[in-house]
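Position 1 is the first residue of the sequence; numbering continues from there.
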Amino acid sequence: MDHTPRILMACSECYPVAKVGGMADVVGALPKYLVRCGVTPTVVMPRYDLPWFYEHEHELIHEGYLQFPHTVHPFRVIRYAPEVLGFELIAIDLPGLFDRASVYLDSNGEGYRDEPLRNISFQRAILQWWNTDPDRYDLLHCHDHMTGLMPFLMRYAYAYQGLSAKSVFFTIHNALHRGRLSWSVVSLLPHFDTWKSGLLEWDEAIDSLASALRCSDRINTVSPGYLEELPAASQGLEWIFQHESHKMIGLLNGVDYEVWNPSTDKYLAYHKKKSLEQFKKKNKEALIGSFATPGLPLFIFIGRFAHQKGVDVMLRAIHEHLLVRQDANFLILGSGDKDLEYQAQTLARTHSAHVSALVDYNEKLSHIMYAGADFLLMPSRVEPCGLNQMFSMRYGTVPVVHHTGGLKDTVPDITVDGNGISFNSVTTGDIMHAMHRSLELYADQAAMKALRSKISEIDLSWDASAEAYAQEYKSLLSRT
Ligand code: GLC
């Protein structure tokens with residue numbers, strides 16, 4: 001190859017353009033670091049009805065039509081030059097399908113009813129456009145099930161034969177979500193070699209993740225710990241994970257140091273100068289106005305209110321803890337499941353002197369929380385990597401985590417000279433015990449100070465992982 005590898009990264013969210021979860025942080029950061037590793041990345045995502053897309057300079061580079069059995073659907077391809085984000089961004093404009101302000105959920109917090117049409121149209125539009133000039137990119141890198149049909153379609157749909165020999169790399173951020181579609185929507189797909197239908201199917205449905213696992217050339221999970229767990233526990237996909245294990249590796253996510261820097265963070269009023277302790281104290285003061293009882297250790301939770309995140313058990317543990325001891329404050333920020341939102345608000349009403357619960361997605365507040373808190377609670381039942389524990393360590397906040405997935409890799413317990421407090425099962429008892437251990441640590445000022453300083457200096461940057469991704473791309477491309 002006489003040029004640096006050109007990678008097309010397909011995804012449904014990318015920070016700071018549109019963010020719901022950690023995948024957006026990864027897709028917004030990794031490409032910037034890949035540029036330094038001799039790779040030319042382009043991110044392609046849907047164009048949502050969000051201000052970012054209008055506020056930045058862009059150019060229309062392609063217009064086309066998707067052919068469905070009884071209708072055609074227009075699409076436009078819009079380009080944002082690398083000067084905007086540090087890498088090229090392509091937005092696929094599908095009028096009527098993605099020009100909505102929320103990425104996945106409607107105003108009632110439910111998935112959009114036309115999800116299959118949206119999802120398939122986005123993937124088809126990318127491939128149809130790329131196929132007009134296959135040399136534009138050397139390799140496709142897909143992220144999660146929202147882009148999981150592309151590896152199959154590139155190989156076996158007649159319309160994209162120009163792409164059939166291209167390599168595909170696939171990243172699993174979360175295998176709990178599969179993108180399962182009923183076979184009744186198969187006519188939304190372009191014509192493909194039906195002898196290969198089996199590669200789309202798992203458990204009597206079109207399963208986007210299962211198909212991607214079989215049709216991609218190389219697959220990674222976002223931590224080595226998660227990779228170990230999937231062949232034993234992946235809600236029915238165990239056999240595929242066992243069978244495809246030769247293609248799989250675990251590559252730990254990093255933190256974008258341009259965004260997460262205690263000395264320059266644009267969301268913080270108080271930056272870190274010389275003293276980490278001073279930095280934490282000032283930011284804690286900025287938060288503590290929310291509590292009737294200042295001066296206590298502060299635990300925070302930030303994240304999606306979802307079963308996966310263990311929020312239900314954590315809320316019970318906090319309640320039981322405060323019934324007995326009123327020696328800590330808790331600040332909870334997140335949104336999602338309506339029932340959990342209600343439970344969090346009820347907890348805050350019950351223990352109003354010690355608990356504050358904000359049902360919101362608030363990037364600025366989350367930064368102040370990481371900076372000002374003492375402990376971050378992360379009781380996730382499943383955590384493929386987890387970024388919050390890394391953000392918190394960078395800002396000297398001690399993570400208190402369930403020993404699973406990426407949390408296992410990044411937060412060994414302090415009893416083994418690690419980075420935080422970890423517990424073995426997501427039960428009220430284990431979480432309460434972990435909180436007691438945290439409070440003991442807090443009482444030992446010297447130990448707390450030493451740990452804060454140690455975790456704030458661990459190298460969590462993207463440099464090493466980006467290099468590993470670059471090597472993977474290059475090794476795949478050297479085969480072809
Ligand atoms: C998903 C996972 C999370 C991971 C993130 C980025 O949100 O649940 O563990 O850190 O993707 O890869």
Side-chain angles (χ1 to χ4, degrees), residues 8-32 41-66 73-130 141-150 171 173-174 177 179 181 188 208 256 259 304 306 334-336 360-364 366:
L8 182 63
M9 252 195 214
C11 59
S12 52
E13 40 178 305
C14 171
Y15 180 83
V17 183
K19 170 172 166 175
V20 177
M23 179 170 71
D25 292 300
V26 170
V27 179
L30 174 60
K32 291 196 281 191
T42 293
V43 169
V44 57
M45 68 185 292
R47 183 180 197 250
Y48 300 104
D49 187 13
L50 294 171
W52 193 95
F53 291 101
Y54 312 109
E55 286 165 1
H56 293 88
E57 200 173 312
H58 51 269
E59 55 172 329
L60 176 66
I61 57 169
H62 180 81
E63 284 183 287
Y65 289 92
L66 300 175
H73 207 104
F75 71 93
R76 301 188 313 147
V77 180
I78 296 163
R79 175 177 184 268
Y80 296 79
E83 291 70 44
V84 181
L85 285 169
F87 50 87
E88 183 184 57
L89 181 85
I90 300 288
I92 305 288
D93 183 24
L94 281 150
L97 294 177
F98 284 91
D99 40 6
R100 304 172 191 176
S102 163
V103 173
Y104 305 119
L105 303 177
D106 66 17
S107 51
N108 298 321
E110 314 227 334
Y112 293 118
R113 290 186 178 213
D114 55 355
E115 198 47 52
L117 177 63
R118 277 160 54 87
N119 178 284
I120 291 172
S121 301
F122 171 56
Q123 300 184 67
R124 282 183 58 175
I126 297 173
L127 295 177
Q128 192 167 314
W129 161 66
W130 183 10
H141 181 168
C142 297
H143 292 265
D144 268 358
H145 72 86
M146 304 80 160
T147 53
L149 295 174
M150 291 165 77
T171 295
H173 296 268
N174 193 337
H177 304 291
L181 305 170
L188 298 178
S208 307
D256 188 348
V259 177
R304 274 185 301 120
S335 59
D360 194 7
Y361 166 81
N362 187 329
E363 194 71 24
K364 178 179 163 77
S366 75

Write down the atom of [X], the atom of [Y], and the distance for their closest heavy-atom approach.
{"X": "Tyr48", "Y": "Ser12", "answer": "OH-O, 2.6 Å"}
{"X": "Asp114", "Y": "Gly96", "answer": "OD2-O, 4.5 Å"}
{"X": "Gly179", "Y": "His145", "answer": "CA-ND1, 3.2 Å"}
{"X": "Pro95", "Y": "Pro74", "answer": "CD-O, 3.5 Å"}
{"X": "Pro82", "Y": "Arg79", "answer": "CD-NH2, 3.6 Å"}
{"X": "Ile92", "Y": "Ala125", "answer": "CG2-CB, 3.7 Å"}

Side-chain contact, heavy-atom cut-off 4.5 Å: [X] with [Y]?
{"X": "Tyr54", "Y": "Asp49", "value": "yes"}
{"X": "Pro16", "Y": "Leu85", "value": "yes"}
{"X": "Asn119", "Y": "Leu149", "value": "yes"}
{"X": "His177", "Y": "Asp144", "value": "no"}
{"X": "Val84", "Y": "Trp52", "value": "yes"}

task = Can you spot which of Val44, Thr171, Val43 makes a side-chain contact (heavy atoms from CB on, under 4.5 Å) with Cys11?
result =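 The option that passes is Val43.
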Are any side-chain N or O atoms of [X] and backbone N or O atoms of [Y], one a donor and one an acceptor, separated by less than 3.5 Å?
{"X": "Arg124", "Y": "Leu188", "result": "yes"}
{"X": "Tyr80", "Y": "Phe53", "result": "yes"}
{"X": "Gln128", "Y": "Tyr65", "result": "yes"}

For the [atom1] atom of [X] and the [atom2] atom of [Y], what is their distance to the nearest 0.5 Å?
{"X": "His62", "Y": "Ile78", "atom1": "NE2", "atom2": "CD1", "value": "12.0 Å"}
{"X": "Ile90", "Y": "Trp129", "atom1": "CD1", "atom2": "CH2", "value": "4.0 Å"}
{"X": "Ile126", "Y": "Ser121", "atom1": "CD1", "atom2": "OG", "value": "11.0 Å"}
{"X": "Leu97", "Y": "Ile120", "atom1": "CG", "atom2": "CD1", "value": "11.5 Å"}
{"X": "Gln123", "Y": "Ser208", "atom1": "CD", "atom2": "OG", "value": "6.5 Å"}
{"X": "Leu89", "Y": "His56", "atom1": "CG", "atom2": "NE2", "value": "10.5 Å"}

request  = Please report the C-alpha distance between Leu30 and Met9 in whole Å, then the side-chain angles of each, then the deciding distance to 0.1 Å, and finally whether the side chain to side chain contact (heavy atoms under 4.5 Å, CB included) criterion is met.
outcome  = CA-CA 10 Å; Leu30 174 60; Met9 252 195 214; 3.8 Å; yes
query = Is atom CD of Glu57 surrounded by more than 12 heavy atoms (other residues, nucleotides or ligands) closer than 6.0 Å?
reply =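 Atom CD in Glu57 is not packed in, count stays at 12 or less.
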query = Going by distance alone, is a donor N or O of one side chain under 3.5 Å from an acceptor N or O of the other, for Glu13 and Tyr104?
reply =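 A donor-acceptor contact under 3.5 Å links the two side chains.
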request  = Using the six-membered ring of Phe98, assess whether NZ or CZ of Arg118 lies under 6.0 Å from its centre and within 45 degrees of the ring axis.
outcome  =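 That pair qualifies as a cation-pi contact.
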message = Apply side chain to side chain contact (heavy atoms under 4.5 Å, CB included) to residues Phe75 and Phe122 and explain how you reach the verdict.
response = CA-CA 9 Å; Phe75 71 93; Phe122 171 56; over 6 Å; no
